[in-house]
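Starting from 1, each residue takes its place in the sequence as its number. The structure presented is a predicted model; accordingly, all values stated were derived computationally and were not measured. Because only heavy atoms are used, hydrogens play no part in the values below, and waters and symmetry mates are left out as well, while side chains stay in.
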Amino acid sequence: MDMANRKPTRLALDLLAPGPHERVLDAGCGTGAAAEQLLHRSTCQIDCVDWSPTMLRRAEARLGHYRKPPHLHHVTLHLGQVGALPFIAGQFDAVLALNMLYFCDSQGVMVGDLRRMLRPGGRLIAYVTHRAAMGRWAFTRHGTHRLFDEEELVSALMEGGFAREQIVTMPCSITRSIHGILVRATV
C-alpha cells in the first residue's frame, strides 16, 4: 500500500507544510511511511499512533533510526485508537489523517477526538479516495469502510465539531481512474 499511497501522501504533506518544531499527530500511521517522508522535510516533532501492533512494529522498523542519536528528529510511536487517543487535548499544531477516515464512526466521536487534539489555530490535513473509485474495490463492500464524496467528507468533519467555514476540500487525481479528496480543516 505504501507504493499506491505515494502520491496522496506527497500531496497531503505539501498541504501540511509543517514549520520547524511544530508538533504533528500522524493518526493511523500504519507503516510510518508518511512520518518518514515528513522527517525528510521538516524538523517537526511527530507522534505516530495506530491501533494495530503489527503496523506499529513496521513503523518502528522504518523509523527506529530517527529515534536514536545523532538524529535530531523527534518521533514517538503509540498504540492507541482514534476516539480514545492517549494525549491531552490541544497539544498538536497539526493532525495528519491519511486513508483512515474510512474507519471513523458516523456519530463524529473519532473525528471529534482528532479535533480535540489541535491547539487553537491548528489544522487537520486528511486524504480519502473518492467513493466513486473505492466503491469499485471488493474489500470496501464488506461494510468496514465509510466511503466519501466531498459533501460527505465535509459532513463527517462537521459531525466531529469542525465549522463549515473552516473546512476546505480539494479534489485530486491520483491516477487516470482514481480520484481522491484532500481536506484542510482548522480550529
For [X], enumerate each residue passing the side chain to side chain contact (heavy atoms under 4.5 Å, CB included) test, keeping only those at least two apart in sequence or located in another chain.
X: S173; answer: H179
X: D105; answer: Q107, V109, M110
X: P53; answer: R57, L79

Is there a path of hydrophobic side-chain contacts, each under 4.5 Å between heavy atoms of I/L/V/M/F/W/Y residues, joining [Y] to [X]?
X: L157; Y: L147; result: yes
X: I178; Y: L11; result: yes
X: V187; Y: L85; result: yes
X: M55; Y: L39; result: no

With sequence neighbours excluded, tell me which residues meet salt bridge (Lys or Arg N to Asp or Glu O under 4.0 Å) with [X].
X: D47; value: R23
X: E150; value: none
X: R115; value: none
X: R41; value: D14

(request) Given side chain to side chain contact (heavy atoms under 4.5 Å, CB included), test V82 with L114 step by step and report yes or no. (result) CA-CA 7 Å; V82 175; L114 295 175; 3.9 Å; yes

(request) Would you indicate whether the side-chain heavy atoms of V95 and V24 approach each other to under 4.5 Å? (result) no

List the residues meeting side chain to side chain donor-acceptor pair (under 3.5 Å) with [X], not counting sequence neighbours, and say none if there are none.
X: Q81; answer: none
X: N99; answer: N5, Y102
X: R119; answer: D93

(message) I need the full list of salt bridge (Lys or Arg N to Asp or Glu O under 4.0 Å) pairs touching residues 176-187, with sequence neighbours left out, sorted by first then second residue.
(response) none

(request) Under the ring pair (Phe, Tyr, Trp, His ring centres under 6.0 Å) rule, collect the residues that match up with H78, sequence neighbours excluded. (result) F87

